[in-house]
Chemist: 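For reference, the structure I am asking about is given below.
Hydrogens, waters and symmetry mates are skipped; everything else that's a heavy atom, side chains included, is used.
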Amino acid sequence: MTRIAFIGGGNMARSLIGGLLKTGIPAATIAVSEPQAESRQSLAREFGVATYAENRLAAADAEVIVLAVKPQIMPAIHTELRDTLQRNRPLLISIAAGVRLDQLERWFGALPIVRCMPNTPALIGAGATGLCANARVSPPQRAQAQHILDAAGLTRWVDDEALMDTVTGISGSAPAYFFALVEALEDAAVAQGMDRGTARALAAQTCLGAGRMLVESGEAPGELRRRVTSPNGTTQAALESFAADGLPAIVAHAVAAATRRGGELAAELDKT
């Protein structure tokens, strides 16, 4: 069995560990390093995995290492892990937003590295993750990385790393866009006189149902939109209002802003 070490035991690591265990991966093959004693105890109790306070101990004999820490932490952990990584040559998987492959290679050495951008619905097994790999990653290692991230939801490979910041803009950050839309729908209904609990339940369930229709039908969103829009009906009136207020441009500007910020965050790490 492949031995997997998670560096960092936060929410995203927990979601991946839980998903892997459900696929039949033995808990005995998973190790986690986590600085907080309470979190280590919780991980061991909930998942039955080995936990360590020191990164090098968790990574000692791992064939796959998942870097599940914040981007700002990456430069600080490489000195502790570099010797172990160069000796064992594991597959390195990073789920830190905005950290480029060349930066990971500079910190950790010339290793097979997969860069991933998951999103928060991974916490309930409904994530959407973009992956890209450097040239040292073999086909079996690509399959390993995909299997690990598949445990948290849908995965898609992105051949051009420059598009990983776009992945951030359309899926990594996008759950917040969805929450903002539901919040706006809720507030609009309250302004019309509906109680907040009913407004939230109707708005949230409607968005959930529409998302399921889109995924399960395989139809293009434009086609589904046309089917639900009767000529001169209520939906057409709302969509015309969206168009008049420039909804497509608003969304395009938001995605561009998130994409641009992803590049800026990576550039800031170049200074470390």
Chemist: Are L91 and I65 side-chain neighbours, meaning at least one heavy-atom pair lies under 4.5 Å?
Modeler: no
Chemist: Is there a side-chain contact between H147 and T23, using heavy atoms and a 4.5 Å cut-off?
Modeler: yes
Chemist: Locate the shortest heavy-atom distance separating L214 from A220; write the atom from each residue and the value.
Modeler: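 Taking L214 first and A220 second, the nearest heavy atoms are CD1-C, 4.3 Å.
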Chemist: Is it the case that over 12 heavy atoms from other parts of the model lie below 6.0 angstrom from the CD atom of Q192?
Modeler: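 No.
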Chemist: So if I apply the side-chain contact (heavy atoms from CB on, under 4.5 Å) rule between I7 and each of L81, V32, I73, which one comes out positive?
Modeler: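 Going through the options one by one, the only one that passes is L81.
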Chemist: Identify the two heavy atoms, one from L111 and one from N134, that lie closest to each other, and give their separation to 0.1 Å.
Modeler: O-ND2, 2.8 Å
Chemist: Which heavy atom of A62 sits nearest a heavy atom of P90, and at what distance?
Modeler: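 Smallest heavy-atom distance, with atoms named: O-CB, 3.6 Å.
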Chemist: Within the side chain of H78, is there an N or O that forms a donor-acceptor pair under 3.5 Å with the backbone of P75?
Modeler: yes
Chemist: Does T2 reach the side chain of I25, with side-chain heavy atoms less than 4.5 Å apart?
Modeler: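 Heavy-atom side-chain distance check fails, nothing below 4.5 Å.
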Chemist: Test your reading of the model: is there a side-chain donor-acceptor pair from T168 to the backbone of M164, 3.5 Å cut-off?
Modeler: yes
Chemist: Same hydrophobic cluster for I95 and F6, using side-chain heavy-atom links shorter than 4.5 Å among ILVMFWY?
Modeler: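 I95 clusters together with F6.
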Chemist: Between M117 and L131, does the side-chain contact (heavy atoms from CB on, under 4.5 Å) criterion hold? Intermediate values first, please.
Modeler: CA-CA 7 Å; M117 183 66 247; L131 307 88; over 6 Å; no
Chemist: State, with a plain yes or no, whether a side-chain heavy atom of M74 is found less than 4.5 Å away from one of Q103.
Modeler: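 Answer no - side chains too far apart.
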Chemist: Y52 versus E34: any side-chain heavy-atom pair under 4.5 Å?
Modeler: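 Sidechains of E34 and Y52: no contact.
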Chemist: For M213, does its backbone N or O pair with a side-chain atom of S217 as donor and acceptor, under 3.5 Å?
Modeler: yes
Chemist: CZ of R212: more than 12 outside heavy atoms within 6.0 angstrom?
Modeler: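 No, CZ of R212 has 12 or fewer neighbouring heavy atoms, counting only those of other groups under 6.0 Å.
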Chemist: Is a side-chain donor or acceptor of E80 paired with a backbone partner of N55 at a separation under 3.5 angstrom?
Modeler: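 Checking the backbone N and O of N55 against the side chain of E80, a donor-acceptor pair under 3.5 Å is found.
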Chemist: Out of curiosity, I4 CD1 to I17 CD1, how far, rounded to the nearest 0.5 Å?
Modeler: 9.0 Å
Chemist: At what distance, to the nearest 0.5 angstrom, does SG of C132 lie from CZ of R142?
Modeler: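 Rounded to the nearest 0.5 Å, the SG-CZ separation comes to 9.5 Å.
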Chemist: Following the transitive rule for hydrophobic clusters with a side-chain heavy-atom cut-off under 4.5 Å over Ile, Leu, Val, Met, Phe, Trp and Tyr, establish whether V69 and L104 coincide in one cluster.
Modeler: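 In one cluster: yes.
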Chemist: Is E219 salt-bridged to R226, going by a charged N under 4.0 Å from an acidic O?
Modeler: no
Chemist: Assess whether side-chain contact (heavy atoms from CB on, under 4.5 Å) is satisfied between R14 and L43, documenting all intermediate values.
Modeler: CA-CA 8 Å; R14 296 178 75 98; L43 285 159; 3.6 Å; yes
Chemist: Are L239 and V182 joined in one hydrophobic group, where the rule is that I, L, V, M, F, W and Y side chains link up if heavy atoms are under 4.5 Å apart?
Modeler: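 No, separate clusters.
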Chemist: Is any side-chain heavy atom of L149 closer than 4.5 Å to a side-chain heavy atom of I93?
Modeler: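 The answer is yes, as the side chains (C-beta and beyond) meet within the 4.5 Å cut-off.
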Chemist: So, E161 side chain and R100 main chain: donor-acceptor pair closer than 3.5 Å or not?
Modeler: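 It does not hold such a pair.
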Chemist: Looking at every non-hydrogen atom in both residues, tell me the closest pair between W157 and A133 and how far apart they are.
Modeler: CZ3-CB, 3.9 Å
Chemist: Check A58 against A5 and note the closest heavy-atom contact, atom names and distance.
Modeler: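 Answer, listing the atom of A58 first, then A5: O-CB, 3.3 Å.
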Chemist: Go through the steps to decide whether D165 and R115 satisfy the test salt bridge (charged side-chain N to carboxylate O under 4.0 Å, His left out), and finish with yes or no.
Modeler: CA-CA 11 Å; D165 288 328; R115 172 186 171 186; 3.6 Å; yes
Chemist: State whether the number of non-hydrogen atoms from other residues, nucleotides or ligands found under 6.0 Å of E216 atom CD is greater than 12.
Modeler: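 Check passes, neighbour count above 12.
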Chemist: Would E63 and R89 satisfy salt bridge (charged side-chain N to carboxylate O under 4.0 Å, His left out), going step by step from the backbone distance to the final call?
Modeler: CA-CA 8 Å; E63 297 157 283; R89 313 291 299 170; over 6 Å; no
Chemist: Once you round to the nearest 0.5 Å, how far does CG of L85 lie from CZ of F108?
Modeler: 7.0 Å
Chemist: Using modelled atom types and a 3.5 Å cut-off, is there a donor and acceptor pairing between side-chain atoms of R40 and backbone atoms of T51?
Modeler: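 Checking the backbone N and O of T51 against the side chain of R40, no donor-acceptor pair under 3.5 Å is found.
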Chemist: With a cut-off of 6.0 Å (strictly less than), are more than 12 heavy atoms of other residues, nucleotides or ligands near CZ of F178?
Modeler: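 Count over threshold, so yes.
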Chemist: Is the backbone of S138 close enough, under 3.5 Å, to the side chain of Q141 for a donor and an acceptor to pair up by distance?
Modeler: yes
Chemist: How many angstroms lie between atom CZ of R106 and atom CG of L101, to the nearest 0.5 angstrom?
Modeler: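 So the gap between those two atoms works out to 13.0 Å.
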Chemist: Examine distances only and state if a side-chain atom of N119 and a backbone atom of A128 form a donor-acceptor pair shorter than 3.5 Å.
Modeler: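 Side chain of N119 to backbone of A128: a pair is present.
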Chemist: Show your reasoning for whether side-chain contact (heavy atoms from CB on, under 4.5 Å) applies to V190 and M194.
Modeler: CA-CA 5 Å; V190 170; M194 184 176 290; 5.7 Å; no
Chemist: Test I170 against T259 for side-chain contact (heavy atoms from CB on, under 4.5 Å), laying out the working first.
Modeler: CA-CA 9 Å; I170 65 166; T259 302; over 6 Å; no
Chemist: Is L154 close to R156 at the side-chain level, that is, under 4.5 Å between some pair of heavy atoms?
Modeler: yes
Chemist: Can you find a heavy atom in the side chain of T235 that is under 4.5 Å from one in the side chain of S230?
Modeler: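 Counting from C-beta outward, T235 and S230 never come under 4.5 Å.
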Chemist: Hey, is R196 close enough to E186 for a salt bridge, meaning N to O under 4.0 Å?
Modeler: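 So R196 pairs with E186 through a salt bridge.
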Chemist: Treating Ile, Leu, Val, Met, Phe, Trp and Tyr as nodes and any side-chain heavy-atom pair under 4.5 angstrom as an edge, say whether V158 and V114 lie in one connected cluster.
Modeler: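 Shared cluster, no.
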Chemist: Decide if atom CZ of R82 counts as having more than 12 heavy atoms of other residues, nucleotides or ligands within a radius under 6.0 Å.
Modeler: yes
Chemist: Determine, step by step, whether E105 and R136 satisfy the salt bridge (charged side-chain N to carboxylate O under 4.0 Å, His left out) criterion, reporting the C-alpha distance in whole Å, the side-chain angles of both residues, the deciding distance to 0.1 Å, and the verdict.
Modeler: CA-CA 11 Å; E105 291 175 357; R136 297 180 182 86; 3.2 Å; yes
Chemist: Treating D160 as the side-chain partner and A162 as the backbone partner, does any N or O pair qualify as donor plus acceptor under 3.5 Å?
Modeler: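 Yes; at least one donor-acceptor contact below 3.5 Å.
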Chemist: Are L57 and V66 connected into the same hydrophobic cluster when the rule is that any two of I, L, V, M, F, W, Y join if their side-chain heavy atoms are below 4.5 Å apart?
Modeler: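 In one cluster: no.
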Chemist: Rounded to the nearest 0.5 Å, what separation is found between the CD1 atom of I77 and the CG atom of L67?
Modeler: 5.0 Å
Chemist: Could you tell me the separation between the CZ atom of R200 and the CG atom of D195, rounded to the nearest 0.5 Å?
Modeler: 11.0 Å
Chemist: Give the minimum heavy-atom separation between L16 and I148, together with the two atoms involved.
Modeler: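 Looking at all heavy atoms of both residues, the shortest contact is CD2-O, 3.5 Å.
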Chemist: Could you tell me whether a side-chain N or O of Y177 sits under 3.5 Å from a main-chain N or O of G169, the two making a donor and an acceptor?
Modeler: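 Yes: the side chain of Y177 pairs with the backbone of G169.
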